[in-house]
Visitor: 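Here it is, the structure in full.
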Amino acid sequence: MIDLKLLQKDFDDVSAKLKRKGVDVTLIENLKNKNDELKIAKVNFETFQALQNSMSKEFGAYKREGKDITELKVKVDANKIKITEALDIQRQKQEELEIIALSIPNIPDDSVPDGKDENENVELKKVLTPPNFDFTPKEHWELAEQNGWIDFERGVKLATSRFSVSFGMGARLERALINFMLDFNRARGFNEVSVPSLVNRGALEGTGQLPKFENDLYKMQDQELFLIPTAEVPVTNLYQDEILTEAELPKKMTAYTSCFRKEAGAAGRDTRGMIRQHQFHKVELVTIANPNESEKFFDEMVECASDLLTALELPHRLVNLCTGDLGFGAAYTTDLEVWLPGQNSYREISSISNTRDFQARRAKIRFKDGNKNSFVHTLNGSSLAVGRTLVAIMENNQNEDGSIDIPEVLKPYLGM
RNA sequence: GGAAGAAUGGCUGAGUGGUCGAAAGCGACGGUCUUGAAAACCGUUGUAUCUCACGAUACCCAGGGUUCGAAUCCCUGUUCUUCCUCCA
């Protein structure tokens, strides 16, 4: 949630920045007006309530002294009606405010380039050189089927399209990757956590998936629970509604989970293969930081993910997301894109974001900042998406006969 | 799934209708004392919003209700504990 006080104080600046992200200015004006109206409604209610409280005290005194209370009772009853009315108005304003406030995205950082979609993201640097093949490299689904690693049809049989099944070395590689990543992250100070795959509405509101993106989520039928679209949701919300001590920061965490997404808006995109699945494995990094250190930890997380790709010998590049591609909660994001020879292009394999206090404000994650309480900064990023990493290994390490070389760092995890 | 009980501040735990944002203890922080520390003693110590400030309002699991007045009474829900049942 954006800072309403900041909006109040620097309306022009805030609305100009949000406009860059495509937010309708009238919506922001609306928010500001609602906030003003809410304040007035609150003061109004509190005035009546204060009167009620003092009259109630008087009432008690009258009774004790045996005075006649009929006249006072008339006044009290009249005031009560006003309280009810004032409270109704206040609640209504509050509700209206929240609907708008929760649907407004984070303010993009000044460093975020303007742009309407992913094509206008800015490349920051390339790491490792894409391999040269003296044959035409195959796409991963061909390789996966040829090696018997992944069965796309049986996934569909069990569930629906965009589900797949891994067999043998395919399944073992997934597991090896997960373990490798978690160990790698742990060596860099990220504490491993294992979290629920189902979360409630409050958690999803905290990190910003709700109320706006309910269509992308799988929801339980008989309970208000949702399958997590990313481990970011349970891990960040671990500290929801808490006031941490300064010494507890940073909280650096890593978690492996399955992720579930409806991919509602992606019909027709990446229909073949395992680039875009309804269920996929991911190892996630989350840092909860003191605001004055969040930039530093952001860089650290980007480096961690990039080094992981380097360790796996996978060519990749870093891109700075433009306003049009920037996620709802992010102030700025760096994507890591891995080279896929089969597609002859770089594809997203990790996305690292600093949400600053946007999620902290929603999830009420604070820390003792001297003698006051301040919101923390939350950062999240994929260590790597496991499925896409497997795809990248297949395509980059393929031989002409379709066999695939296993990256050295994974061999110990495969008993090789 | 069945039965009973519980939910209060960082923690433990008092509080059955008014002066309770809430006793007490512990912890934490500051101070006195000390060469330093411990002990002892004194003080401070929940959150949010409005206000320049004084102060005001709200919050004792959540939501309703009764009442002039609710931490306290009533209803609903949630969670937890114990016992039984079941079970990876």
Side-chain angles (χ1 to χ4, degrees), chain A residues 1-9 31-98 100-102 194-206 210 219-226 234 237-249 251 257-258 288 357-376:
Chain A
M1 193 151 73
I2 63 166
D3 185 352
L4 291 174
K5 278 184 190 160
L6 187 69
L7 179 72
Q8 214 74 23
K9 210 174 75 193
L31 181 65
K32 184 179 183 296
N33 293 339
K34 276 284 175 284
N35 195 32
D36 291 339
E37 289 170 21
L38 176 63
K39 270 190 195 171
I40 293 164
K42 267 188 173 164
V43 170
N44 195 32
F45 163 73
E46 284 176 11
T47 309
F48 290 127
Q49 185 63 45
L51 181 61
Q52 185 76 2
N53 289 345
S54 71
M55 285 197 292
S56 284
K57 277 187 184 154
E58 222 179 313
F59 200 101
Y62 273 39
K63 278 238 168 172
R64 249 174 283 132
E65 293 161 18
K67 286 197 196 161
D68 180 36
I69 50 144
T70 45
E71 204 178 311
L72 185 58
K73 177 104 165 65
V74 172
K75 281 206 281 187
V76 161
D77 284 344
N79 191 54
K80 237 177 145 177
I81 295 166
K82 287 186 178 165
I83 289 179
T84 314
E85 285 170 359
L87 185 61
D88 281 348
I89 293 169
Q90 188 196 313
R91 280 186 179 163
Q92 191 198 325
K93 297 290 177 200
Q94 179 79 45
E95 206 175 305
E96 288 169 359
L97 178 88
E98 264 168 31
I100 303 171
L102 289 179
S194 178
V195 291
S197 296
L198 288 168
V199 293
N200 58 34
R201 189 168 282 275
L204 287 155
E205 279 175 358
L210 286 181
K219 187 184 176 189
M220 296 297 114
Q221 202 165 33
D222 51 358
Q223 253 184 319
E224 187 82 339
L225 289 172
F226 302 80
N237 281 290
L238 241 23
Y239 297 98
Q240 189 184 87
D241 251 319
E242 292 192 32
I243 301 172
L244 304 165
T245 62
E246 205 172 347
E248 283 177 276
L249 300 176
K251 295 259 185 204
T257 66
S258 285
I288 294 179
D357 63 358
F358 184 80
Q359 291 179 330
R361 206 171 276 286
R362 290 174 156 240
K364 297 190 179 63
I365 308 173
R366 290 165 292 175
F367 75 107
K368 281 275 169 218
D369 186 6
N371 53 8
K372 66 179 197 292
N373 297 318
S374 301
F375 289 107
V376 297

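Within every chain, numbering begins at 1; the chains are lettered A, B, ... in the order of the sequence lines, protein sequences first and strands thereafter.
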Visitor: Nearest to the side chain of Ala50(A), which nucleotide is it out of A56(B), A58(B), C50(B)?
Guide: A56(B)
Visitor: Does any nucleotide pair with G63(B) by Watson-Crick or G-U wobble geometry, both distances under 3.5 Å, and what is it?
Guide: C75(B)
Visitor: For Ile69(A) and U67(B), what is the distance between atoms CD1 and P respectively, to the nearest whole Å?
Guide: 14 Å
Visitor: Could you tell me how far C11(B) sits from G65(B) if I compare only their C1' atoms? Round to whole Å.
Guide: 34 Å
Visitor: Between atom CD in Glu224(A) and atom C1' in U79(B), what is the gap in whole Å?
Guide: 17 Å
Visitor: Assess whether a salt bridge exists between Asp369(A) and Lys372(A), defined as any Lys/Arg side-chain N lying under 4.0 Å from an Asp/Glu carboxylate O.
Guide: yes
Visitor: Do any of residues 78-91 of chain A sit with a heavy atom less than 4.0 Å from RNA chain B, and if so which?
Guide: Lys80(A), Arg91(A)
Visitor: On the nucleotide A48(B), are OP1 or OP2 found under 4.0 Å from the side-chain N or O atoms that Arg366(A) carries?
Guide: yes
Visitor: Are any of the side-chain heavy atoms of Arg362(A) and Met1(A) separated by less than 4.5 Å?
Guide: yes
Visitor: Polar pairs (N or O, both sides) under 3.5 Å between protein and nucleotides 18-21 of chain B?
Guide:
residue, atom, partner, partner atom, Å
G18(B), N2, Ser56(A), O, 2.7

Visitor: Got a salt bridge between Glu85(A) and Lys82(A), using NZ or NE/NH1/NH2 to carboxylate O under 4.0 Å?
Guide: no
Visitor: Backbone N or O of Thr245(A) within a donor-acceptor pair of the Glu248(A) side chain at under 3.5 Å?
Guide: yes
Visitor: Would you please confirm or rule out a distance under 4.0 Å between OP1 or OP2 of C50(B) and any side-chain N or O of Lys42(A)?
Guide: no
Visitor: For A28(B), give the paired nucleotide (Watson-Crick: N1-N3 plus N6-O4 or O6-N4; G-U: N1-O2 and O6-N3; both under 3.5 Å), or none.
Guide: U44(B)
Visitor: Taking atom CD of Glu242(A) as the centre, report whether more than 12 heavy atoms of other residues, nucleotides or ligands fall under 6.0 Å from it.
Guide: yes
Visitor: Start with the C-alpha distance between Asp36(A) and Gln8(A), add both sets of side-chain angles, then the distance that settles side-chain hydrogen bond (donor to acceptor under 3.5 Å, both in side chains), and finish with yes or no.
Guide: CA-CA 9 Å; Asp36(A) 291 339; Gln8(A) 214 74 23; 2.3 Å; yes
Visitor: Between Asn53(A) and G69(B), is there a side-chain N or O to OP1/OP2 distance below 4.0 Å?
Guide: no
Visitor: How long is the line joining CG of Asp241(A) and C1' of U79(B), in whole Å?
Guide: 15 Å
Visitor: Is the shortest heavy-atom distance from the side chain of Lys251(A) to the side chain of Leu244(A) under 4.5 Å?
Guide: yes
Visitor: Taking atom P in both U51(B) and U45(B), compute the distance separating them and give it to the nearest angstrom.
Guide: 25 Å
Visitor: Rounded to the nearest 0.5 Å, what's the gap from CG on Asn373(A) to CD1 on Ile243(A)? Could you check?
Guide: 4.5 Å
Visitor: Nearest whole angstrom, please: distance from the C1' of G77(B) to the CD of Gln223(A).
Guide: 14 Å
Visitor: If we take the P atom in both C26(B) and A40(B), what is their distance in whole Å?
Guide: 9 Å
Visitor: Does any N or O in the side chain of Arg361(A) come within less than 3.5 Å of the main-chain N or O of Phe375(A), such that one atom is a donor and the other an acceptor?
Guide: no
Visitor: Counting only Watson-Crick pairs (N1-N3 plus N6-O4 or O6-N4) and G-U wobbles (N1-O2, O6-N3), all under 3.5 Å, who is the partner of A38(B)?
Guide: none
Visitor: Would you measure the distance from the P atom in U44(B) across to the matching atom in A23(B) and give it in whole Å?
Guide: 12 Å
Visitor: If we take the P atom in both U12(B) and C61(B), what is their distance in whole Å?
Guide: 14 Å
Visitor: Roughly, in whole Å, what's the span from CD in Gln52(A) to C1' in A70(B)?
Guide: 13 Å
Visitor: So what does Lys364(A) hit on the nucleic acid, given a heavy-atom distance under 4.0 Å: a base, only sugar-phosphate, or nothing?
Guide: nothing
Visitor: Using the P atom as the point on both nucleotides, what is the distance between C42(B) and C80(B), in whole Å?
Guide: 43 Å
Visitor: May I ask which nucleotide in the shown strands pairs with C33(B), Watson-Crick or G-U wobble, both distances under 3.5 Å?
Guide: none
Visitor: In whole Å, I'd like the distance from the CG atom of Asn373(A) to the C1' atom of C59(B).
Guide: 16 Å
Visitor: Is there a Watson-Crick or G-U wobble partner for G5(B) with both distances under 3.5 Å, and which nucleotide is it?
Guide: C80(B)
Visitor: Once you round it to whole Å, what is the distance between P of C50(B) and CZ of Phe45(A)?
Guide: 16 Å
Visitor: Give me the distance, rounded to whole Å, that separates G21(B) from A70(B) when you measure between the P atoms they each carry.
Guide: 11 Å
Visitor: So do Leu225(A) and Lys219(A) actually touch side chain to side chain, heavy atoms under 4.5 Å?
Guide: no
Visitor: For the pair made of CD in Glu246(A) and P in C29(B), what is the distance, rounded to whole Å?
Guide: 14 Å
Visitor: For residues 194-204 of chain A, run the donor-acceptor check on the side chains, cut-off 3.5 Å, and write out each pair with its distance to 0.1 Å, sequence neighbours left out.
Guide:
residue, atom, partner, partner atom, Å
Asn200(A), OD1, Gly202(A), N, 3.2
Asn200(A), OD1, Ala203(A), N, 3.1
Arg201(A), NE, Glu224(A), OE2, 2.4
Arg201(A), NH2, Glu214(A), OE2, 3.3
Arg201(A), NH2, Glu224(A), OE2, 3.1

Visitor: Decide yes or no for Gln49(A) and Ile83(A): does some side-chain heavy atom of the first lie under 4.5 Å from some side-chain heavy atom of the second?
Guide: yes
Visitor: So what does Lys368(A) touch, heavy atoms closer than 4.0 Å: a base, only the sugar-phosphate, or nothing?
Guide: sugar-phosphate
Visitor: Please measure how far the P atom in G43(B) lies from the corresponding atom in A7(B), and state the result in whole Å.
Guide: 32 Å
Visitor: Base, sugar-phosphate, or nothing: which does Leu72(A) touch, judged by heavy atoms less than 4.0 Å apart?
Guide: nothing
